[in-house]
Amino acid sequence: MDMKTKKDLAVDFINTIRTMEPSALNALIVKEAGEELAQFFLNYSANLISKDPSRVLENTSSLMLMGYLIRTYEEKNTQARQGNFQSYAFA
């Protein structure tokens with residue numbers, strides 16, 4: 001079995017979105033994150049960059065990692081909620 005590392009998966013994803021048409025990428029963002037979260041990240045990143053423009057590279061990296069951490073947090077919370085429902089047995 002060929003198990004990809006987290007880095008391999010990240011590279012695959014970045015390569016995929018890099019070649020997407022802008023409309024397809026926008027549709028993916030709306031589908032997966034929604035308009036509200038997309039706007040939140042736009043405002044957050046604009047605020048972060050305006051505070052210290054010389055740190056754009058570091059801030060971009062931080063934002064990407066933040067997105068990853070939010071996703072893993074969402075997945076853990078979803079699994080925990082599903083686990084709560086699975087603990088009930090009905091006769």
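Nothing fancy with the numbering, it's 1 onward along the sequence.
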> Got a sec: does the CD of E75 have more than 12 other heavy atoms crowding it under 6.0 Å?
Replying inline: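 Atom CD in E75 is crowded, with more than 12 foreign heavy atoms closer than 6.0 Å.
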
> Around E35, counting heavy atoms of other residues, nucleotides and ligands shown, do more than 12 lie under 6.0 Å from its CD?
Replying inline: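 Not more than 12 within 6.0 Å, no.
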
> Can L48 be reached from Y68 by stepping across I, L, V, M, F, W or Y side chains whose heavy atoms are under 4.5 Å apart?
Replying inline: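 No, separate clusters.
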
Taking only distance into account, with no hydrogens and no angle test, what donor-acceptor pairs under 3.5 Å do side-chain atoms of residues 14-32 form with protein atoms, sequence neighbours excluded?
residue	atom	partner	partner atom	Å
N15	OD1	R18	NH1	3.4
N15	ND2	V11	O	3.3
T16	OG1	D12	O	2.9
T19	OG1	N15	O	3.4
T19	OG1	T16	O	3.0

> What heavy-atom pair brings T72 and L69 nearest, and what distance separates the two atoms?
Replying inline: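 Looking at all heavy atoms of both residues, the closest pair is OG1-O, 2.9 Å.
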
> Shortest non-hydrogen contact from L37 to A33?
Replying inline: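 Minimum heavy-atom separation between L37 and A33: CB-O, 3.4 Å.
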
> So which residues get pulled into L9's cluster when ILVMFWY side chains under 4.5 Å apart are joined, directly or through others?
Replying inline: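 Hydrophobic cluster check, L9: no partners found.
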
> How far apart are the C-alpha atoms of T78 and Y73, what are their side-chain angles, what is the distance that settles it, and do they pass the side chain to side chain contact (heavy atoms under 4.5 Å, CB included) test?
Replying inline: CA-CA 9 Å; T78 300; Y73 179 79; over 6 Å; no

>> With rounding to the nearest 0.5 angstrom, report the CD1 to CG distance, I70 to L65.
In response: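 Rounded to the nearest 0.5 Å, the CD1-CG separation comes to 11.0 Å.
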
Just list the side-chain donor-acceptor pairs under 3.5 Å for residues 53-64, sequence neighbours left out, or say none.
residue	atom	partner	partner atom	Å
S54	OG	D52	OD1	2.6
N59	ND2	R55	O	3.3
T60	OG1	V56	O	2.8
S62	OG	E58	O	3.0

>> Below 30° counts as parallel, above 60° as perpendicular, anything between as tilted: where do the rings of Y44 and F40 land?
In response: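 The arrangement is parallel - the two ring planes meet at less than 30°.
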
> Yes or no on side chain to side chain donor-acceptor pair (under 3.5 Å) for D8 and T5, after CA distance, side-chain angles and deciding distance?
Replying inline: CA-CA 5 Å; D8 293 335; T5 66; 3.1 Å; yes

